Amino acid sequence: MTFTDTLPAPEPAPAPVGTVPLAIDLRGLHKSFGTVRAVDGIDLAVRPGEVVAFLGPNGAGKTTTIDMLLGLARPDAGTVALHGMDPSRAIAEGRVSAVMQSGGLLKDLTVLETVQLTASFFRATRSVAEVMERAGIADIGARQVGKCSGGQQQRLRFALALLPDPDVLVLDEPTTGMDVEGRRDFWNALRADAARGRTILFATHYLEEADAYADRIVLVSHGRVVADGSAAQVKNLASGRLVSARLAGLDERGADALRTLPGVQSVEVRGDRVLVRTQDSDGVARHLLTATTASDVEITARGLEDAFLALTGDTTRTDDTTGSLA
Ligand SMILES: Nc1ncnc2c1ncn2[C@@H]1O[C@H](COP(=O)(O)OP(=O)(O)OP(=O)(O)O)[C@@H](O)[C@H]1O
């Protein structure tokens, strides 16, 4: 059983006749490169207006899934539908746009010229001024693309993706290589745009981005979905809470009494504090306050990073402050 079986269903069922089709509908996707199973049976149903983070470490299969979703790669097995259409038709009709990690920009043009040129390729688009405003690049129209920062270039790609006013926007690790401020500006622009009802799927290995900007997190590992739910559900599923209290002189018997409480996963003593990892923080707190001399009780939710490690068993994460996975 995967952890996805234990969460409220994200509804992979087909849309009944007469209802709005799913924005993104991936079923049984498989893709191998030689002996590497890059995508090993991914099902994903995204409703219109959802903002979904596709979260996983390097090599989890995110880009391969996105390539199939956009029709850039053909699945070995499985199907892709975007608003009920195959990817090439959805893209040709301007229903779907993508912001990829790199490439696709001419360094000698200015930002404004780039947006104007791209707009000229489409039959009908949003206005150049509007997409530049929405992407937060209205004030750098005269700047040469080659002189823009990584974050500004990504916001330019975002503006270009907005030109056909797509229903679905797909972003593959859009903030890779940006500094903290660039990432924040980028996500603020994207989030403001999402508030208007666009469906957004973004791949990331930044846990904090998934947590902060997505309504729903789909956690992938080794080409499979290992958890699917809100950030709170994913965290709760894997990790429960941490109850910490000051409790001097806790002996083995006392620690064992804590271990036998319902929902307790682990008990650790650090100096004069005891740390209890549990699914039932209320029960543990009640026990500590009524049956022991504990004081200064704190209850905290464990972070998404803990959830990620617990669910995927991945041990390749770095310890940097960005909360990314290497
Ligand atoms: N063209 C290819 N040829 C061979 N192997 C590939 C190819 N593309 C991807 N792979 C392998 O498939 C697996 C999944 O790769 P993918 O790029 O989809 O992962 P990812 O989650 O997007 O990782 P990252 O965060 O590094 O972009 C990896 O083991 C990768 O090495």
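We count ligands from 1, going down the list as the structure has it; atoms in each ligand are counted the same way. Given the structure is predicted, the values throughout are model-derived calculations rather than measurements. For the single chain, residues carry numbers from 1 onward in sequence order.
- The contact set between ligand 1 and T63, taken as ligand atoms under 4.0 Å from a residue heavy atom, comprises 17 (O), 18 (O), 20 (P), 22 (O), 27 (O).
- The protein heavy-atom contact nearest to atom 29 (O) of ligand 1 is V36 CG1, 3.6 Å.
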Per-pair distances, 0.1 Å, donor-acceptor, side chain in residues 160-169, under 3.5 Å, sequence neighbours excluded:
unit_1	atom_1	unit_2	atom_2	d
D165	OD1	R198	NH1	3.1
D165	OD1	R198	NH2	3.4
D165	OD2	R126	NH1	3.3
D167	OD2	R95	NE	2.2
D167	OD2	R95	NH2	3.1

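- The aromatic rings of Y213 and W187 lie parallel to each other, their planes meeting at an angle below 30°, with 60° marking the opposite boundary.
- Of the listed options P57, S32, A73, A38, A38 places a heavy atom closest to atom 12 (O) of ligand 1.
- Side-chain contact check for Q144 and T110: no donor-acceptor pair (N or O, by modelled atom type) lies under 3.5 Å.
- The residue from D172, T64, I66, V39 that puts a heavy atom closest to atom 15 (O) of ligand 1 is T64.
- Nearest to atom 23 (O) of ligand 1 among the protein's heavy atoms is G59 N, 2.7 Å.
- Interface of A60 with ligand 1, defined as ligand atoms under 4.0 Å from a residue heavy atom, comprises 19 (O), 20 (P), 21 (O).
- Shown here, atom 31 (O) of ligand 1 is out of close reach of the protein: none of its heavy atoms lies under 4.0 Å off.
- Taking 4.0 Å as the cut-off between side-chain N and carboxylate O, R270 and E268 count as a salt-bridged pair.
- Scanning all protein heavy atoms for the shortest distance to atom 19 (O) of ligand 1 gives G61 N, 3.1 Å.
- For atom 24 (P) of ligand 1, the nearest non-hydrogen atom of the protein is N58 ND2, 3.5 Å.
- In summary, the atoms of ligand 1 found under 4.0 Å from a heavy atom of E173, numbered by their order in the structure, are 24 (P), 25 (O), 27 (O).
- In this structure a side-chain-to-backbone donor-acceptor pair under 3.5 Å is missing from E93 to A90.
- Less than 4.0 angstrom separates atom 4 (C) of ligand 1 from at least one non-hydrogen atom of the protein.
- Not a single donor-acceptor pair under 3.5 Å links the side chain of D25 to the backbone N or O of L82.
- The main-chain N or O of Q152 is found under 3.5 Å from a side-chain atom of S149 such that the two form a donor-acceptor pair.
- For atom 9 (C) of ligand 1, the closest non-hydrogen atom of the protein is F33 CE1, 3.4 Å.
- If you check the side chains of R273 and S244, you find a donor sitting under 3.5 Å from an acceptor.
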